[in-house]
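Remarks on the structure that follows.
These numbers were taken from a predicted model, which means no experiment stands behind them. Sequence lines set the chain letters: A, B, ... in the order given, protein chains first and strands last, and positions in each chain run from 1.
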Amino acid sequence: MAEIDLSPITRIEGHLDFKINVEEGKVTDAKAIGALFRGFEIILKGRDPLDALVITPRICGVCPTSHNDASARALDDALNASIPENGYLMRSILLGVENLMSHAAHTYVLFGPDLANKKYEKHEAYPELARRFAPITGTSYKGAVFARIKLDEIFAIFGGKHPHTTFVPGGAPVRPQLSDITKALSIFMQVQDFLENVTLGCSIERWLENRSLKDVQKWLEEDERHANSDLGLFIRYGPELGLDKLGRGPGNFLSYGVYAQADGKNWLPAGFYDGKHHTLDQSKIEEHIKYSWYTGYEGGRHPMEGITEPYYEEGEKYTWAKCPRYDGKPAEVGPLARMIIDKDPLVLDLAKEYGPCVYTRVLARLHEAVRLAAKIKEWLLEIDPAKPFFGSYERPSNVEGIGLTEAARGALGHWVRIRDGKIDNYQVITPTAWNVSPKDSNDVHGPIEQAVIGTPVEDEDNPIEVQHVIRSYDPCIACTVHVITPRKSYKLKVV
Amino acid sequence: MVNVVWMQGATDNGCLVSFLNMQQPDVYQAIEKLGVSISYQNTINPTSGKDVIATLEKYIAGEEQLDVLIIEGAIPRGPNGTGMACFIGPKSFAQWISELAPQAHYVLAVGTCAAFGNIPAAEPNPTDATGVQWHKTEMGGFLGKEYRSKAGLPVINISGCPAHPDWVAQTLVAVLLGKNVELDKYNRPKDFFGEEITVHDGCPRNEYYAFKVAAEKFGDKGCLYMNLGCKGPHTHSDCNRRLWNRQSSLTRCGIPCHGCTNPDFPEGSMPFFQRRRLVVEGWKVVPYIIGSGFMKLAKPERLKNE
């Protein structure tokens, strides 16, 4: 049995440590352990409900706008808000720009450098992969660094700054002029240049014509710019590097739906998939604590009734992350889940052919990014600066609210209970809590744990396969609000 | 070659995300022209696990010169004095900082968490978190009042939630060029946080403020100070002069300033959307009220709320 220390896992957002058992070159058990607790939910208790709009985005500086959106939606719900069409558009643009930026950062800065890992040195594509994807020096890496700065500029035109704008119930506080919109569109074209020339090798529209793997094959053969683009290269070499064999998750997918529209629908729909498509019923969300250092209840508990009572013991409990389940099942969240729930034909075809693996997950993220880029442009053109951006909200004293949305890395929910005009209970379940969750009351592992178990480890000094799997989920530990760790004697070792 | 180690504690990574927007110099100029070598930064680090630990231990042992230690995030001392509410590999974040700080020539506390404690240190301070050398408005914090880096300086605080990339970049460049960075009473560079600068300066709503035309609700055109809790007039930073992401600022987008660079943020600013005091510290109350009355009378027709 091998002893490898994987901690700290870098090129993810925040503090993640990881404990695995390796036998005969294969992972036999896995424990995902977050390493940070700040206590946001405790700090929010007794505050003015609107204060959550400023405090909760600071749970995560990587995906703060998803917390902006979730907190505003929870208060929209609680405070009976009325939102004009421009208000919806503005929120979608800001969240969309952030999610696109996050996908770019994940693809090129967090995940991409692993393609230049020494494990692949002997592969014929290695010199080209290294030239493009090596950290800092890679040509595409460098391009992405500047493209994400441009996306942040678009964000700031409407949100004031990135990270950390503030959303409000009832719409958007900003009143952009036509010249703000044309400026945003002009900066967007610079981002589009990178996306089309470097990532895709074709126009956004041409890529979106691909609706099956057969279409993608045709696309690859149609023009050498397609085949030699970053995406073309990944599509061709991903299976050769074995990425289609790694990181098979539980096969259940959850999306809360995102980019709310004035017609009451979301652009990307909510739902749950476990082999069959189901309508989302948020009352089926529960958090378990059998393997988490908490006490106070057995089985699962809905977040509106959530209890956070820390309790450390040396025994079977092994993490401070709570364990969210949907209808009793672990669920993968993120771009792959969103595309499956949306019944995107290309991603459904990919998932059918390759299963929910690292390769599928990375391609689903890129495909969603292209769809999102096209949509952001549409939203910008739909804004009517002459119409209002803010509607109204009320201030009832005793009320509850639920705000469900999607961060780049998956489903994000805020649940707020207001008593006597103050926050009585505020509970957050982040996307990373879903993906890095520990075992539940039925001893079923969380999605990343399941995906890591069974992973071959070729070189114990370079367990890149396990890192591919973890990073393919784009975990963001800054987001994992419940996560804490107990004490100094705790060893982060691979036994 | 300038060795930089960037440590992240109880943070949301927002200051790093903000720093990556740096353009003067950009990341590549910093590396190529200024010789900056980032030995460890978790989010962008090429390697993981034991390579990271070995790098940090090398600096602790003094085998390699640690030119600049950048700290992002508050330092939790809990639970129960263990510091383990935040850890990196085998050691608590607090332990790493206590071992690295004595070796550093300069220490920069980037962001309000590292500078003053911020949200993690907000009451009831569940993890007993504090800033690197300050706890809110009091000097001391984790390293204590007496701490000086090898260059003989206290910790340089660059507050903000997040810190503006320019605040960090220009301080870094000044330090690398051997310039003396003047600090304010909270040990922040005066250039960005000085007494004479407020978020109010450069706010396009200043004319509304002058004539006391108040925004009544979000989305209104008036000044955000009177009814929506803008902290701009008593927050010392240059957000509305420098602008964010080269484009805008919160108040330009209808969002009241939350006072995020202040040492008492967030508690000193909550409730965020209510005016907490009639006047700002230093203002003379009676003349202010009388003056306000006259300014209302002086208001030109075009300055209507809607």
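- At a threshold of 4.5 Å between non-hydrogen side-chain atoms, the residues A/H164 and B/L250 do not count as touching.
- Considering only heavy atoms from C-beta on, A/C60 stays 4.5 Å or farther from B/N13 through its side chain.
- Within 6.0 Å of the CG atom in B/D264, the count of heavy atoms belonging to other residues, nucleotides or ligands exceeds 12.
- Here the side chains of B/L20 and A/V145 are not in contact, with every heavy-atom distance at 4.5 Å or above.
- Stacking of A/K142 on the aromatic ring of B/Y28 is recorded, both the 6.0 Å distance cut-off and the 45° axial limit being met.
- Both the backbone and the side chain of A/I136 come within contact range of chain B, each with at least one heavy atom under 4.5 Å from a heavy atom of that chain.
- Proximity of A/H67 to B/D12: side-chain heavy atoms (C-beta onward) are nowhere separated by under 4.5 Å.
- Within the model, atoms CD of A/E153 and CD of B/Q23 stand 6.0 Å from one another, a figure rounded to the nearest 0.5 Å.
- The candidate from B/M22, B/Q274, B/R246 with the greatest count of non-hydrogen atom pairs under 4.5 Å with chain A is B/R246.
- A 4.5 Å side-chain heavy-atom check between A/F146 and B/D26 finds at least one atom pair inside the cut-off.
- For B/A122, the parts lying under 4.5 angstrom from a heavy atom of chain A are both the backbone and the side chain.
- To the nearest 0.5 Å, atoms CG (B/N125) and CD1 (A/I43) are separated by 7.0 Å.
- Proximity to chain B (any heavy atom under 4.5 Å) is restricted, for A/P57, to the backbone atoms N, CA, C and O.
- Nearest approach of A/V54 to B/H258, heavy atoms of both residues: CG2-CE1, 3.5 Å.
- The shortest distance between side-chain heavy atoms of A/I187 and B/Q247 falls below 4.5 Å.
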For this session: Could you check A/T166 against B/F272 for side-chain contact (heavy atoms from CB on, under 4.5 Å), going step by step and ending with a plain yes or no?
Result: CA-CA 11 Å; A/T166 301; B/F272 288 113; over 6 Å; no
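- The part of B/E267 that comes within reach of chain A is its side chain, from C-beta onward, which places non-hydrogen atoms under 4.5 angstrom from that chain.
- Between B/F218 and A/F167 there is no side-chain heavy-atom pair separated by less than 4.5 Å.
- Residue pairs meeting the salt bridge (charged side-chain N to carboxylate O under 4.0 Å, His left out) criterion with at least one member in residues 50-68 of chain A: none, sequence neighbours excluded.
- Ranked by heavy-atom pairs under 4.5 Å with chain A, the list B/C260, B/G14, B/G254, B/C253 is led by B/C253.
- When A/L151, A/D152, A/I149 are each tested for a side-chain contact (heavy atoms from CB on, under 4.5 Å) with B/N245, only one passes: A/D152.
- Contact detail for B/V17 and A/G61: the closest heavy-atom pair is CG2-O, 3.6 Å.
- Only the backbone of A/F158 comes within contact range of chain B, judged by heavy atoms closer than 4.5 Å.
- Using a 4.5 Å cut-off between heavy atoms, B/L243 makes no contact with chain A at all.
- Of the possible donor and acceptor atoms, none in the side chain of A/D48 sits under 3.5 Å from a partner among the backbone N and O of B/M270.
- Of all the heavy atoms in A/F390 and B/G219, the pair that sits closest is CB-CA, 4.4 Å.
- With rounding to the nearest 0.5 Å, the separation of CD1 in A/I42 from OG1 in B/T127 is 9.0 Å.
- If you run side-chain contact (heavy atoms from CB on, under 4.5 Å) between A/K161 and each of B/P162, B/S18, B/S248, only B/P162 comes through.
- In this structure the side chain of B/P266 reaches within 4.5 angstrom of the side chain of A/I55, judged on heavy atoms.
- Counting all heavy atoms, side chain and backbone alike, A/G159 lies closest to B/I255 at O-CD1, 3.7 Å.
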